[in-house]
Amino acid sequence: MTGYLVLAGVGVVGALLFAASMTARRLLAPRAPSPAKLTTYESGVDPVTGGWAQSHIRYVAYAFLYVVFAVDAVYLFPWALVLRNHRLGVVSLVEMGIFIAVVLVGLLHAARRGLLTWSDHKEPQ
């Protein structure tokens with residue numbers, strides 16, 4: 001139970017520090033709103049339209065693949081400790097083999113669809 005109390009204490013202290021910093025900013029920061037200061041600023045360029053985005057849809061595929069492999073790593077590291085247990089070792093080895101096979105099927109599917117190529121002229125189907 002003391003672990004939860006420490007966690008709650010850290011959370012409360014963090015919330016208080018956040019509230020104190022926002023209050024200090026509100027009290028100390030100069031305020032001189034003008035129409036120029038209230039406009040949107042986008043990397044030194046005035047915004048032209050509302051719907052323009054610099055990112056391309058293919059980045060979503062790479063982000064998704066990164067998440068898949070990050071989750072894969074989250075499961076693989078604790079599994080290495082469970083494998084040392086003689087009772088659970090064989091069962092966990094089979095389960096992890098199934099898990100890795102599913103991840104590899106997804107990776108092969110992404111490769112077959114062309115999501116792993118990086119070129120401007122070829123879009124994924």
Side-chain angles (χ1 to χ4, degrees):
M1 189 66 177
T2 60
Y4 290 116
L5 291 175
V6 170
L7 183 64
V10 169
V12 167
V13 168
L16 288 174
L17 284 173
F18 175 76
S21 65
M22 289 294 117
T23 303
R25 180 195 60 84
R26 176 74 69 174
L27 293 174
L28 298 175
R31 279 178 264 163
S34 67
K37 287 184 179 181
L38 296 176
T39 61
T40 305
Y41 182 77
E42 193 173 306
S43 300
V45 180
D46 291 331
V48 178
T49 62
W52 181 79
Q54 191 171 359
S55 62
H56 201 274
I57 189 67
R58 67 177 166 217
Y59 298 126
V60 173
Y62 288 103
F64 181 71
L65 287 174
Y66 170 76
V67 168
V68 166
F69 286 111
V71 169
D72 188 21
V74 165
Y75 285 118
L76 283 175
F77 287 120
W79 168 73
L81 296 174
V82 172
L83 189 61
R84 294 180 185 176
N85 188 343
H86 295 293
R87 292 183 307 153
L88 297 175
V90 175
V91 174
S92 68
L93 183 66
V94 171
E95 289 175 352
M96 194 50 67
I98 293 169
F99 176 72
I100 291 174
V102 168
V103 170
L104 286 176
V105 165
L107 182 63
L108 291 174
H109 176 71
R112 184 178 60 91
R113 292 202 51 197
L115 294 176
L116 303 179
T117 59
W118 188 274
S119 64
D120 289 335
H121 55 83
K122 184 177 180 184
E123 295 294 324
Q125 286 100 18

Checking the side chain of Arg112 only, and the main-chain atoms of Leu107 only, is there a donor and an acceptor separated by less than 3.5 Å? no
When you compare the side chain of Val71 with that of Val103, does any pair of heavy atoms fall below 4.5 Å? no
Cluster overlap Leu76 with Val67, hydrophobic side-chain contacts below 4.5 Å: yes
Taking all non-hydrogen atoms of both residues into account, name the closest pair between Arg26 and Arg31 and its distance. O-NH2, 3.2 Å
To the nearest 0.5 Å, how far apart are CG in Leu7 and OH in Tyr4? 8.5 Å
Where at least one partner belongs to residues 91-112, residue pairs that pass ring pair (Phe, Tyr, Trp, His ring centres under 6.0 Å), sequence neighbours excluded: Tyr75-Phe99
